[in-house]
Amino acid sequence: MDTVNLDAANYKDLLKRYIDTQDEQSLYGAEQISKLFIKNNVPPEEIINLHIQALSELYPNLSEKTGHSMNFLLETMISYGMAHQEYQTLREKQLELKTEIAVAAGMQETLLATTKPSIDGLDIGVISVPAHQMNGDYHHFIKGRDGSLGVAIADVIGKGVPAALCMSMIKYSMDSLPEESMSPKAILENLNRVVFRNVDPSMFITMFYAQFIPSEQKLRYSSAGHEPGFYYRKKEDTFEEIEAKGLVLGVSSDANYERYEQRVEKGDMVILLTDGVTECRDGDRFIESEEVLEVIKGYAHLPAQDIVDHVYKHFERLQNFQLRDDFTLIILRREV
Amino acid sequence: MGLQSCVNINKEWDIVGARQMGRDIAREIGFGTVDQARIATAISELARNIYLYAETGQICFEVIDNINQKGISMIAIDSGPGIRDISQVMEDGFSTSGGLGAGLPGVKRLMDDFDIKSEEGKGTEIRALKWVR
Ligand SMILES: Nc1ncnc2c1ncn2[C@@H]1O[C@H](COP(=O)(O)OP(=O)(O)OP(=O)(O)O)[C@@H](O)[C@H]1O
Ligand SMILES: [Mg+2]
């Protein structure tokens, strides 16, 4: 129905028709006009003015008091009009910001990009999905010249743009480390100093760093206060928590990190994650870690990448497709 | 250029006086009801700021009568504390009423032309102008 338009004559006709018939069709017309008003940013005081004009043309003998009352109504609408205009400006600004953040998110993606390497005898699955536009989780693979695989998984306490900026710094620092010669312990100690010196004290970063050495079938790792991962023993078909103590990055200038080691048997899996996985919510209830493990177990016969994809889909659905926190899950499995 | 008429702002009641004078002038030179109401609202905002932040000051009106257009110009002057960061004050959502579209950014939108001069510790001068459509 595009016969509606905003001119005064049209409003007057519609008003007249309604006063004469009080039919629903005129009210439908009013609804259409109302939408047009909004679309064209007509402030409420102008609408009342339109009404006053229409009334005085239709009923020139209307009482003076009615006229005064309409003017009074018009005055009370002025502030609504101002608030509406501000709302319009803020809406435009919000759109601008959204576009800017989308560009920043794209840059971040390029900056933090890491490719899943192929290591003989190791099946790797990884998924990392931001809750909002920018990801506050970080993971990185480094293939050493000696055939080892370095895996970093990190989480900034905090979300959105500040967290993302922080992660870019971590990535830059890791790139400038003298690479594969370094142990997980040394890498974390190094990063800790960088974070301590450069990051706002209110911002903390947790990281788990693991190194898989194929020649020895060993996993070496250290943790900086990161959400504990899990170790799956194929033979017993059981999971156990990977225990690793260590201070969150950036709290103390000279934090020391312990080194841990674990032999990896055929078919065993190393599961690394961020708290976005273990703190998924089902309604108001936080899920238990066991639930994550149950789901993983359910897909354990699949390749590692399919497992992580399925686990993500499971919890995405459980949370009605609205992630509350960035979600990163990595699975390493020694192939049989 | 017409004559200047001024209202002193010393107490809250004077805000009403300033509105009245502004509205009378606006009506006389041909502003419609809606614009009269907008002008009165702009005056209120400026006068209330004087009353709240500078305690005393003045609002003056001037009729502008060019060959092709007529308008009303108002100047709010005080020797109060001044505004340190004008850009910040002109940002939407900064005013204490927060997000209701009022305050100085609101005045700017209600009028056709708007200008602030202010020096910390010396005072504030705000000019605003609206043309008859
Ligand atoms: N004449 C003035 N002298 C000194 N400071 C002023 C003056 N006018 C405004 N300000 C300062 O600028 C700020 C913003 O003024 P503005 O009128 O936009 O919002 P507000 O007065 O805080 O809230 P409201 O929306 O209720 O008007 C004030 O909080 C005050 O600090
Ligand atoms: Mg104010």
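So that the names make sense, note that chain A is the first sequence line, chain B the second, and so on, each numbered from 1.
Heavy atoms closer than 4.5 Å to chain A are found in the side chain of Thr41(B), but not in its backbone.
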Would you mind writing out the side-chain donor-acceptor pairs for residues 90-101 of chain A within the sub-3.5 Å range, not counting sequence neighbours?
{"residue": "Thr99(A)", "atom": "OG1", "partner": "Leu95(A)", "partner atom": "O", "Å": "2.7"}

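Heavy-atom contacts from other residues, nucleotides or ligands closer than 6.0 Å to CD of Glu109(A) number 12 or fewer. The local environment of CZ in Phe72(A) is sparse, with at most 12 non-hydrogen atoms from other residues, nucleotides or ligands closer than 6.0 Å. The 12-atom threshold is exceeded at CZ of Arg17(A), counting heavy atoms of other residues, nucleotides or ligands nearer than 6.0 Å. Atom CD of Glu64(A) has 12 or fewer heavy atoms from other residues, nucleotides or ligands within 6.0 Å.
Residues Pro105(B) and Met82(A) are not in side-chain contact: their nearest non-hydrogen atoms beyond the backbone lie 4.5 Å or more apart. Considering only heavy atoms from C-beta on, Thr33(B) comes within 4.5 Å of Asn71(A) through its side chain.
Ionic pairing of Arg23(B) and Glu75(A) is present here: one or more N-O contacts between side-chain nitrogen and carboxylate oxygen are shorter than 4.0 angstrom.
Put simply, CD on Gln36(B) and CG on Leu74(A) are 9.5 Å apart, with the number rounded to the nearest 0.5 Å.
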